[in-house]
Amino acid sequence: MSAADVVTPRRSRPVRAWFRLLGSELGLVFGRRRNRVGVGVLFGLVVLVGIALKVSAVRHPRSSAGDLMSAVAGNGIFLGFAGLSVEIALFLPLAVSVLAGDAIAGEANQGTLRYLLIAPVARGRLLVMKAVSLVIGGLVGAAVVALSGLVTGAVLFGVRPLTTLSGTQMGIGDGLLRLLLAVAYLGAGLGALSMIGLFISTLTEQPIAATVATAMVSTLLWILDAVPQLDWLHPWLLVDRWMSFIDLLRDPVFTDRILTGLWVDAAYAAVFLLLAWLRFRNKDVTS
Amino acid sequence: MAEPQASEDSPAIGSTALTKRFGRQLVVDAIDLDVPRGAVYGFIGPNGSGKTTTIRMLLGLVRPDGGECSLLGRSMPSAATDVLPRVGALVEGPAFHPYLSGTANLLRVDAADRRSDPDTASARVAAALDRVGLTVAATKKYRAYSLGMRQRLGIAAALLQPRDLLVLDEPTNGLDPQGTREVRHLIAELAADGTTVFVSSHLLAEVEQLCSHLGVMRAGKLVAQGPMGELRALTATRFRMRTRDPQPALAVLANLGVADAVLLDGGVGGSLGEVAPEWIVQAMVRAGITVAEFVQVTPTLEDLFVQLTGEGFDVSG
């Protein structure tokens, strides 16, 4: 039996082969102890916020109503949204930065990149697979935060039909659906950030450097977004409309900023994925 | 896909004027490799002579700055995804995920190749591990592997599929004598099955035992290439003669036409060339010179290597 007989292309199974590679990648990402600890941290932070709110609610039963945090005391579902608003500025971007740092730079640093490429996997295919896995990573991060808020909120404050920020009533099912939409919306934003991270990851063989750089970009965007003198710049910043996920709690939902936000996410993702490809396509893999 | 199907008589590895520079340094300087099918080709040269960079170019990891190369008759790197499934390689030592087991690491490499059959993956991984004697350590984390075990896992990864060509960069690095012997047997076995093997090494004894062909690198240039026998013929057989009269002996040698005759401790020496050893002894005796001992020294590969590269195994800048 010659080698050629055995490795004849099996074009009938490209989809299966694709999912096999993605499955291998996700297994690697979520099997890694450090990443599991990270998921635990994302979860635990919301639990801490919940406990803090519970304690302060006992001390000051009638604090100023109207904002998200104080709404939590009346209904556990709001802790899902509150958790997202607490973690979206720093912890979730940091988590995504860690994964993005590993994506290419981590493989290069370990030398495993060269063995993937000679396995062989086409460079474009590898890059797209890494991008998809990063988007899934961001979504999972946001989902973990929302789930933690939901569970913690239900235990500490109970779950009941909620009052929207516009003052109308909404059923529990509707509330959960909006939480799911919030996760998807922030997942899209984190996905766009992870494409910046993926690009940076193709520039270096040091995963830590890529992680730090990506986290710095994210933080810089938040800072720029907070400087009133730069308001002309704000619409162009990736993170500018992330907090608009709160609009999902209005009745009817304010979709303007959310939809524009999705377009901005898509534009950032496209540009940086393209840059990553241009960089990675002909890169000399010398590690 | 206009590229013609590779014919069987195209070389397993070929290159023309293959060149690579890193910055201003010329690392690989216009080399023309020719590795015939079925050969066991030893690729030797001092550290830093461009061997690994050449291998990286052949496998499509590094882009050449000039020239062309091909594997199994297909141009690289453009045909990489078509031809690399038939090529197993170990490049600059093994590299795997430290917190995955040997089996899990091989499954990951296998998953990367979209043409490998997922249904047979476990069986192929088990067979590859068995072939390099790692079955007992299959479930151990890579982090806990010794240097030799890591090297074996790297070879196992190269054997996940039946291959037409194996490119092995320092395959016995870090192995104990027993492991070295096993790898040598493995290579001989694979070669006997018709697999072309391209092996870079700095262990000349190893290359001498294994290889049918040889390529010698020096400072980025391929200074010699060909069947082992032809290259060895380049090095003249030397002799050593013990005598109490070295000075007159030198004169006799000069008369016989031994150009490089030298004075040694307790005797003289030189290279035989066209001069038969019995002529020398006869001439010595006729001149009244005592011959206490006459030894013909078959040149080792190292002598050839030194002759070709003009140096030992020092790092060349």
Side-chain angles (χ1 to χ4, degrees), chain A residues 1-36 102 106-126 128-130 205 280-287, chain B residues 20 22 52-53 55-65 72 77 80-100 104-105 107-121 124 142 154 157-158 160-165 167 193-195:
Chain A
M1 139 175 108
S2 87
D5 292 337
V6 177
V7 292
T8 302
R10 310 185 62 143
R11 293 188 201 284
S12 57
R13 294 183 177 168
V15 178
R16 191 177 171 194
W18 166 259
F19 279 106
R20 187 177 175 218
L21 181 55
L22 182 62
S24 161
E25 179 71 13
L26 292 176
L28 194 68
V29 169
F30 290 106
R32 188 162 178 185
R33 191 188 300 166
R34 188 200 64 198
N35 294 348
R36 288 183 175 177
D102 276 349
E107 299 265 16
N109 189 49
Q110 258 172 9
T112 42
L113 182 59
R114 65 176 183 266
Y115 285 106
L116 284 178
L117 292 177
I118 63 177
V121 55
R123 292 185 182 210
R125 185 176 153 84
L126 181 66
V128 169
M129 185 275 288
K130 290 283 184 184
E205 285 167 12
F280 189 56
R281 190 177 48 147
N282 286 323
K283 186 187 183 187
D284 281 347
V285 177
T286 52
S287 59
Chain B
K20 180 70 188 178
F22 287 127
T52 297
T53 301
I55 288 174
R56 283 178 184 273
M57 280 193 282
L58 294 175
L59 295 171
L61 293 171
V62 164
R63 308 279 148 156
D65 288 318
L72 302 170
T81 51
D82 288 330
V83 77
L84 286 182
R86 294 155 64 200
V87 180
L90 181 71
V91 190
E92 216 174 13
F96 294 96
H97 292 281
Y99 39 87
L100 292 185
N105 265 305
L107 283 173
R108 175 159 171 83
V109 172
D110 194 64
D113 174 9
R114 73 189 161 101
R115 293 177 181 191
S116 77
D117 183 358
D119 297 327
T120 60
R124 282 184 289 110
Y142 179 68
L160 274 175
Q161 305 267 9
R163 313 286 194 184
D164 293 332
L165 170 65
V167 177
D193 288 347
T195 308

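In the text below, chain A, chain B and the rest are named by the order of the sequence lines, each starting its count at 1. Owing to the predicted nature of the structure, the values given are computational and were not obtained by experimental measurement.
Contact annotation for B:Ala89: both backbone and side-chain heavy atoms come within less than 4.5 Å of a heavy atom of chain A. If you measure heavy-atom distances from B:Arg63 to chain A, the contacts under 4.5 Å come from both the backbone and the side chain. When heavy atoms are compared at a cutoff of 4.5 Å, B:Leu100 approaches chain A solely by way of its side chain, counted from C-beta outward. Residue B:Asp193 does not touch chain A at all, counting heavy-atom pairs closer than 4.5 Å. Contact of A:Glu25 with chain B is made through backbone and side chain together, with heavy-atom distances under 4.5 Å.
The most heavy-atom pairs under 4.5 Å with chain A, out of B:Thr195, B:Leu107, B:Leu160, B:Leu84, come from B:Leu84. Here A:Ile118 is the residue among A:Leu126, A:Ile118, A:Val121 with the most heavy-atom pairs under 4.5 Å with chain B. For chain B, the option among A:Met129, A:Lys283, A:Arg32 with the highest count of heavy-atom pairs below 4.5 Å is A:Arg32. Between chain A and the residues B:Leu61, B:Leu59, B:Val62, the largest count of heavy-atom pairs under 4.5 Å involves B:Leu61. Chosen from A:Leu21, A:Leu117, A:Leu113, the residue pairing most often with chain B at heavy-atom distances under 4.5 Å is A:Leu21.
Using a 4.5 Å heavy-atom cutoff, the side chains of A:Thr112 and B:Arg108 are not in contact. Taking 4.5 Å as the limit, some side-chain heavy atom of B:Val167 sits within range of a side-chain heavy atom of B:Val87. Residues B:His97 and A:Glu107 are in side-chain contact: their nearest non-hydrogen atoms beyond the backbone lie under 4.5 Å apart.
Residues B:Ser116 and A:Arg20 bring a donor and an acceptor atom of their side chains to less than 3.5 Å of each other.
Closest of all the heavy-atom pairs between B:Thr81 and A:Ala122 is CG2-CB, 3.7 Å.
For the pair A:Lys130 and A:Asp102, the salt-bridge criterion is not met [side-chain N within less than 4.0 Å of a carboxylate O].
Under the 30°/60° scheme for interplanar angles, the aromatic rings of A:Tyr115 and B:Phe96 are found to lie parallel.
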